[in-house]
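Here, residue 1 is the first one in the sequence, and each next residue gets the next number.
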Amino acid sequence: MSSVLRPASTGHDPSTAGKYRPISSHLAITPPVSVVIPAMNEAENLPYVFKTLPAWIHEVVLVDGNSTDDTVEVARSLWPDVKVVEQRGKGKGDALTTGFQAATGDIIVMVDADGSADGNEIVSYVSALVSGADFAKGSRFANGGGTDDMTFIRKLGNWALCTAVNRKFGARYTDLCYGYNAFWRHCLDKIELDCTGFEVETLMNIRVVKAGLKVQEIPSHEYLRIHGTSNLRAVRDGLRVLRVILSERSNRRALRRRPQHSPLLDSVRGEVS
């Protein structure tokens, strides 16, 4: 008999109660899960991506970044009910924001379209969320994780940036710049995503900590991109990540320096003046 795990406070629609989604022989959930996949010219990789997606997910949202190949047609042939959303802006951050807005699930999972992520791991992310976490953060460097796609220089840069975030914001991350994450929809009400590029993952990681959300790292294995070349540029995007860290740190200091006003004190001052 399967057991049903429900989070203590998820904000999910009570009308879904009883509509269980069997995940395995010992786990079932009620919250609908949306998988958001930003893609631009990934027609060759999508068969590998969709092949690993579990059948129990509620929906797949494909954000098409003005592809010139058959990305959309391939997605529809692989997953007939896929929700295709046209990206009007540019950049991964913009694509993800567009996808989040279109997703209808109570749980949202971010998956890259290059074949580097294994959709079979989604169960681990969802299990962490229904067990009480707000944000399930994939990590290639947590015990059990790994990567086939990072050079020594990129690993070193990721470690340095991750260390900076841990020290500046009190986080305990083992990985920073990784795009395989999942979270409850209510998290979007507590963090603002106002960047357009690859630095979006770092911004999310920082702001969930600043918002006091419960984060659980999930060991994940990153595979090599199967076809094509990545738009990621280590130096350029590393500098953008660094700027985000410095900007968020500056904002935090500004908030601390901002004078705290008491309505009672303000009224007293008004009477005196």
Starting at OG1 of Thr98, measure out to CZ of Arg88 and round the result to the nearest 0.5 Å. 9.0 Å

Non-hydrogen atoms of Ser67 and Ala39 that approach each other most closely: OG-O, 3.8 Å

Give the intermediate values and the outcome of side-chain hydrogen bond (donor to acceptor under 3.5 Å, both in side chains) for residues Asn41 and Thr68. CA-CA 6 Å; Asn41 298 328; Thr68 57; 3.3 Å; yes

Only one of Asn181, Thr174, Asn143 passes side-chain hydrogen bond (donor to acceptor under 3.5 Å, both in side chains) with Glu217, and that residue is Thr174

Counting only heavy atoms not in Asp189, do more than 12 fall under 6.0 Å of its CG? yes

Would a 4.5 Å heavy-atom cut-off, applied to side chains only, mark Val35 and Val61 as touching? no

Residue pair Val165 / Ile206, side-chain heavy-atom distance below 4.5 Å: yes

So if you build clusters from Ile, Leu, Val, Met, Phe, Trp, Tyr with side-chain heavy-atom gaps below 4.5 Å, do Tyr223 and Ile218 land together? no

Is the backbone N or O of Gly115 less than 3.5 Å from a side-chain atom of Asn45, with the two atoms forming a donor-acceptor pair by type? no

Closer than 4.0 angstrom, basic N to acidic O: yes or no for Asp148 and Arg225? no

CG (Leu62) and CD (Gln87) are apart, to the nearest 0.5 Å, by 10.5 Å

Closest approach of Ala136 to Leu129 (non-hydrogen atoms, all atoms of both residues): N-CD2, 3.7 Å

Any Leu96 side-chain heavy atom under 4.5 Å of Met110 side chain: yes

Determine yes or no for a side-chain-to-main-chain donor-acceptor pair under 3.5 angstrom, with Lys83 supplying the side chain and Ala102 the backbone. yes

Please report the interatomic distance CG(Leu161) to CG(Asn205), rounded to the nearest 0.5 Å. 11.5 Å

Would you say Leu188 ends up clustered with Val209 if hydrophobic residues are merged whenever their side chains have heavy atoms under 4.5 Å apart, either directly or through other cluster members? yes

Side chains of Thr147 and Lys155: closer than 4.5 Å at any heavy-atom pair? yes

Over 12 foreign heavy atoms within 6.0 Å of NZ, Lys90: no

Smallest separation among heavy atoms of Tyr180 and Ser220, with atom names: CD1-OG, 3.6 Å

Should Thr104 and His58 be marked as a side-chain hydrogen bond (donor to acceptor under 3.5 Å, both in side chains) after you check the CA-CA gap, both sets of side-chain angles, and the distance that decides it? CA-CA 9 Å; Thr104 60; His58 166 63; 3.0 Å; yes

Does the side-chain contact (heavy atoms from CB on, under 4.5 Å) test come out yes or no for Val109 and Val36, once each step is laid out? CA-CA 6 Å; Val109 185; Val36 175; over 6 Å; no

Answer yes or no: is there an ion pair linking Lys92 with Glu201, defined by an N-O contact shorter than 4.0 Å? yes

Using the ring of Phe169 (Phe, Tyr or Trp, six-membered ring only), decide whether Lys210 places NZ or CZ under 6.0 Å from its centre and within 45 degrees of its axis. no

Value rounded to 0.5 Å, distance of CD in Glu86 from CG in Asn66: 5.5 Å

Taking side chain as C-beta onward, heavy atoms only, is Leu78 less than 4.5 Å from Pro47? yes

When you measure from the side chain of Trp184 to the backbone of Phe135, do you find a donor-acceptor pair of N or O atoms at a distance under 3.5 Å? no

Could you walk me through whether Asp112 and Ile37 pass side-chain contact (heavy atoms from CB on, under 4.5 Å), step by step? CA-CA 6 Å; Asp112 287 340; Ile37 305 176; over 6 Å; no

side-chain hydrogen bond (donor to acceptor under 3.5 Å, both in side chains) between Ser139 and Tyr178: does it pass, once the steps are laid out? CA-CA 7 Å; Ser139 173; Tyr178 190 40; over 6 Å; no

On a heavy-atom basis, the closest approach of Cys195 and Leu203 is SG-CD2, 3.6 Å

Under the side-chain contact (heavy atoms from CB on, under 4.5 Å) rule, what do Met40 and Thr71 come out as? Steps first, then yes or no, please. CA-CA 7 Å; Met40 183 174 70; Thr71 291; over 6 Å; no

On a heavy-atom basis, the closest approach of Pro219 and Gly144 is CB-C, 3.7 Å

Between Arg140 and Asp149, does at least one N-O distance fall below 4.0 Å, as a salt bridge requires? no

So how far is it from Asp64 CG to Glu42 CD, rounded to the nearest 0.5 Å? 10.5 Å

When you measure from the side chain of Arg185 to the backbone N and O of Gly105, does any donor-acceptor pair fall under 3.5 Å? yes

Decide side-chain contact (heavy atoms from CB on, under 4.5 Å) for Tyr48 and Asp118; before the verdict, give the C-alpha distance in whole Å, the side-chain angles of both, and the deciding distance to 0.1 Å. CA-CA 9 Å; Tyr48 301 91; Asp118 182 359; over 6 Å; no

Is any side-chain heavy atom of Tyr125 less than 4.5 Å from a side-chain heavy atom of Lys137? no

So how far is it from Leu46 CG to Asp70 CG, rounded to the nearest 0.5 Å? 10.5 Å

Distance-minimising heavy-atom pair for Cys177 and Asn158: N-OD1, 3.1 Å

With a 4.5 Å cut-off on side-chain heavy atoms, are Ile191 and Val208 touching? yes

So does Tyr173 have more than 12 non-hydrogen atoms from other groups sitting under 6.0 Å from OH? yes

State, with a plain yes or no, whether a side-chain heavy atom of Leu53 is found less than 4.5 Å away from one of Trp79. yes

Partner set under ring pair (Phe, Tyr, Trp, His ring centres under 6.0 Å) for Phe100, not counting sequence neighbours: Phe183

What do the steps show when you test Asp194 against Arg207 for salt bridge (charged side-chain N to carboxylate O under 4.0 Å, His left out), and what is the final call? CA-CA 11 Å; Asp194 50 8; Arg207 290 188 175 174; 3.2 Å; yes

If two hydrophobic side chains count as joined below 4.5 Å and joins carry through other members, does Leu156 share a cluster with Phe141? no

